[in-house]
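In this chain, residues are counted from 1 in sequence order.
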Amino acid sequence: GAIASGRLLPVTGGLQGRLDVTGNGVTGALDLSVVDMVQQVAANFDIRRARFAGPPPIVIAGGKISALVRLDPAGTSVEGNVQLRGMRRGGLRVGRFVAAAKLVDGAGQVTASLTGQRGRLFDIQAKADVAPGRIRVTAGGTLDRRPIRIVNGGLLTDTGNGWRLSPTTISYAGGQTQLSGLLGGDATEVQARLNRMPLTVLDIFNSNLGLAGIATGTVSVVQPRGGVPTGKAELRIRGLSRSGLTLSSTPVDVGVNAL
């Protein structure tokens, strides 16, 4: 793992000094200082052929990370920038990832863009407007060289037992999916309404599916933490087929009603 070494001295208002960090392909430093009686931490790291244990392991060819944190009693502020290239995690490959954040007392904005491949090529830009207990996400780009974007919604609200996703519509290749649910609580709940949605979008979650077809209907899933998921699906799929390395199945129209 990474090792930090250096010298920190207590001063009026906090700590002052420098910690040099090295290991796992990461080199850089943490600089601590007190400015206007506020503790400040500046981080700057260079990444080159970094590898982090999984599962699955994460490999990063190169990049830079910088951040400035001010522990102001009136409200902690965070400014940061991330630039990474050549990331791999399992079947996910990201050629470029760029992100920036500016938050004060839990409110502000985070932006990110990434290009890569997981079953399908993708190029996505996203923005999150953050406030205490609320995060609104907007995003758009291309998947398999076809436009994909969040049309409306994208609001996450802290319920005290997870984050509630308001009905959020995603458009892709002439189809739409409306998603809502609860994430990160005692149970994960997801409800989806599909309207002429291409099944190729599922390759972004599992690159081995290789499914094609157009789906319309509803899906709902509930999974208690550490438990077995249960759900219900009512779908009509036009032109369902599956492609492998050398063969493709004959497209068929099917209806699915499952509990």
Test item: Thr188 and Val190 side chains (from C-beta on) under 4.5 Å apart, heavy atoms: yes
Test item: Phe52 and Val26 side chains (from C-beta on) under 4.5 Å apart, heavy atoms: yes
Among Val98, Ile124, Leu84, the one residue meeting side chain to side chain contact (heavy atoms under 4.5 Å, CB included) with Leu114: Ile124
Check: Thr168 side chain, Gly154 main-chain N or O, donor-acceptor pair, under 3.5 Å: yes
same_hphob_cluster(Leu182, Trp163) at 4.5 Å side-chain heavy-atom cutoff: no
Residues Arg18, Asp20: salt bridge by 4.0 Å N-O rule: yes
Derivation and outcome, side-chain contact (heavy atoms from CB on, under 4.5 Å), residues Leu165 and Leu155: CA-CA 6 Å; Leu165 174 65; Leu155 178 63; over 6 Å; no
Non-hydrogen side-chain atoms of Phe97 and Thr115 separated by less than 4.5 Å: no
Min side-chain heavy-atom separation Leu103-Glu79 under 4.5 Å: no
Expected output: side-chain Asp253 to main-chain Gly239 donor-acceptor under 3.5 Å: yes
Minimum side-chain heavy-atom gap Leu32-Gln16 below 4.5 Å: no
Pair Gln176-Asn195, side-chain donor/acceptor within less than 3.5 Å: no
Polar side-chain atom of Gln39 near backbone of Asp72 as donor-acceptor pair, under 3.5 Å: no
Pair Lys64 + Asp46: basic N to acidic O under 4.0 Å: yes
Side chain to side chain, Ile148 and Thr142, heavy atoms closer than 4.5 Å: no
Where Arg7 and Leu19 come nearest, the two heavy atoms and their spacing: N-CD2, 4.4 Å
Stepwise side chain to side chain donor-acceptor pair (under 3.5 Å) check, Thr138 with Arg149: CA-CA 8 Å; Thr138 57; Arg149 67 187 180 99; over 6 Å; no
Minimum-distance pair of heavy atoms, taken over all atoms of Ile214 and Pro198: CD1-CA, 3.9 Å
Nearest non-hydrogen partners of Ala2 and Val21, listed with the distance: CB-CG1, 4.1 Å
For Arg89 against Pro56, the heavy-atom pair lying closest together: NH2-CD, 3.5 Å
Evaluation steps, side-chain contact (heavy atoms from CB on, under 4.5 Å), between Met87 and Arg93: CA-CA 6 Å; Met87 295 174 57; Arg93 296 176 180 270; over 6 Å; no
Distance-minimising heavy-atom pair for Leu199 and Ala212: CD1-O, 4.0 Å
Val41 reachable from Ile65 in the ILVMFWY side-chain graph, under 4.5 Å edges: yes
Interatomic distance, Thr177 atom OG1 to Leu194 atom CG [nearest 0.5 angstrom]: 4.0 Å
Hydrophobic cluster identity match, Leu211 and Val254, side-chain contacts under 4.5 Å: yes
Atom CD of Gln125 with >12 non-hydrogen neighbours under 6.0 angstrom: yes
Contact summary for Val104 and Ser77, nearest pair of heavy atoms: CG2-CB, 4.0 Å
Sidechain-backbone polar pair: Asp158 side chain, Gly160 backbone, donor-acceptor under 3.5 Å: yes
Min side-chain heavy-atom separation Leu121-Asp123 under 4.5 Å: no
Side-chain donor or acceptor of Arg48 paired with backbone N/O of Thr27 under 3.5 Å: no
Residues Ile60, Ile58; criterion side-chain contact (heavy atoms from CB on, under 4.5 Å); working and verdict: CA-CA 7 Å; Ile60 305 174; Ile58 299 173; 4.2 Å; yes
Main-chain N/O of Leu143 paired to Tyr172 side chain as donor or acceptor, under 3.5 Å: yes
OG-CD distance between Ser33 and Gln40, expressed to the nearest 0.5 angstrom: 4.5 Å
Flag side-chain contact, heavy atom, 4.5 Å: Arg146 against Thr200: yes
Gap separating the CG atom of Leu30 from the CG atom of Asn44, nearest 0.5 angstrom: 9.0 Å
CG on Leu240 to CG on Leu235, rounded to 0.5 Å: 10.5 Å
Nearest-0.5 Å distance, CZ of residue Arg193 to OG of residue Ser180: 8.5 Å
CZ-CZ distance between Arg236 and Arg196, expressed to the nearest 0.5 angstrom: 10.5 Å
Thr169/Asn152 under side-chain contact (heavy atoms from CB on, under 4.5 Å): CA gap, chis, key distance, verdict: CA-CA 6 Å; Thr169 302; Asn152 56 45; 3.2 Å; yes
Same apolar cluster: Val82 and Leu68, side chain cutoff 4.5 Å: no
same_hphob_cluster(Leu8, Val11) at 4.5 Å side-chain heavy-atom cutoff: no
Other residues, nucleotides, ligands: >12 heavy atoms within 6.0 Å of Asn257 CG: yes
Atom CD1 of Ile3 with >12 non-hydrogen neighbours under 6.0 angstrom: no
